[in-house]
Amino acid sequence: MSSAEQMLGMRIGVVTFPGTLDDVDASRAVRVAGAEAVSLWHADADLHDVDAVVLPGGFSYGDYLRCGAIARFAPVMTPLVAAAEGGLPVLGICNGFQVLCESHLLPGALTRNDSLHFVCRDQRLRVENANTMWTSDFSPGDEIVIPLKNGEVEAEGRVVFRYLGGNPNGSRHDIAGICNARGNVVGLMPHPEHAVEALTGPSTDGLSLFTSALRSLVAG
């Protein structure tokens, strides 16, 4: 079986919490990358045998308390945390990144934008780390463009992406994304799922995050 055929057999779960906005876009990105998108509900007690998981952006549980602080206690997070600790590839985007930090799957702390305003724009990033399961299709130093839309960010740890062309929110050291020590869990504030098709995105640079995970899974 070819690697392309193996990728077609991969199942990537996309979690929906109350208040999630970008689950449909994330599912489409998974399909564009060549895998099957599997919808996971916040109340699910298991992950339905998926090969990877995406926590998409939005406002989980209305962003009451700290962003992501309530979502970490959703039933689906119990098997997800255990699976991630066992090596399952997990990508958290924007609010999903916040959920991963609150769940202690990623190091760091998140604070309000220094402008205290919601920011939405196409954002240049530099790839710092291509040794994760979600960035292996990149090379260190690659510059990409994907949309940014967030109201909070600050993280300390293993840097995967940095902002270029101006820091949009005051994050420390221009950090836009980080990973865990194993490289299977990645979180970033910009939205790669909105940059997978030339017709609708500022670029197709975001697609490489999803194809990276699929190739990493095929490679074992």
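Predicted model, so just to flag it, every value in this text is computed and none were measured. Side chains included, hydrogens not; waters and symmetry mates left out as well; all remaining heavy atoms used.
Taking both residues in full, the closest heavy atoms of N184 and G87 are given as ND2-C, 3.3 Å, listed atom of the first, atom of the second, then distance. The nearest pair of heavy atoms linking T20 to P56 is CG2-CG, 3.6 Å. Of all non-hydrogen atoms in M133 and P89, the two that sit nearest each other are CE-CG, 3.4 Å. The two residues L105 and N180 come nearest to each other via the heavy atoms O-CB, 3.6 Å. Taking all atoms of both residues into account, the shortest heavy-atom contact from A43 to P75 is O-CB, 3.8 Å. Residues V160 and I178 share a closest heavy-atom pair of CG2-C, 3.5 Å.
Salt-bridge formation is detected for the pair R124/E143: a Lys NZ or Arg NE/NH1/NH2 atom is positioned less than 4.0 Å from an Asp or Glu carboxylate oxygen. Salt bridge annotation for R126-D142: absent, with no cationic side-chain nitrogen under 4.0 angstrom from a carboxylate oxygen. With respect to E197 and R28, a salt bridge is recorded, a charged nitrogen being found less than 4.0 Å from a carboxylate O.
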Apply side-chain contact (heavy atoms from CB on, under 4.5 Å) to residues N129 and C179 and explain how you reach the verdict.
CA-CA 9 Å; N129 184 348; C179 66; 3.8 Å; yes
Would D63 and N95 satisfy side chain to side chain donor-acceptor pair (under 3.5 Å), going step by step from the backbone distance to the final call?
CA-CA 9 Å; D63 275 354; N95 187 242; 3.3 Å; yes
Would V76 and L47 count as a side-chain contact (heavy atoms from CB on, under 4.5 Å) here? Give the steps.
CA-CA 7 Å; V76 74; L47 301 180; 3.9 Å; yes
Stepwise side-chain contact (heavy atoms from CB on, under 4.5 Å) check, V15 with M77:
CA-CA 10 Å; V15 178; M77 292 304 296; 5.9 Å; no
Steps toward side chain to side chain donor-acceptor pair (under 3.5 Å) verdict (D25, H191):
CA-CA 10 Å; D25 303 86; H191 286 257; over 6 Å; no
Run the numbers on L88 and V53 for side-chain contact (heavy atoms from CB on, under 4.5 Å), then give the verdict.
CA-CA 8 Å; L88 183 79; V53 170; 3.8 Å; yes
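Rounding to the nearest 0.5 Å gives a distance of 10.0 Å between CH2 of W134 and OG1 of T211. Atom CG in L106 sits 5.0 Å away from atom CG in L100 (nearest 0.5 Å). The line from CZ of R72 to OG of S60 is 12.5 Å long, rounded to the nearest 0.5 Å.
Side-chain contact between M189 and Q98: present, with at least one pair of heavy atoms (C-beta onward) separated by less than 4.5 Å. At a threshold of 4.5 Å between non-hydrogen side-chain atoms, the residues E36 and M10 do not count as touching. Counting heavy atoms from C-beta outward, P192 and F210 have side chains that approach closer than 4.5 Å.
Under the 30°/60° scheme for interplanar angles, the aromatic rings of F17 and H42 are found to be tilted.
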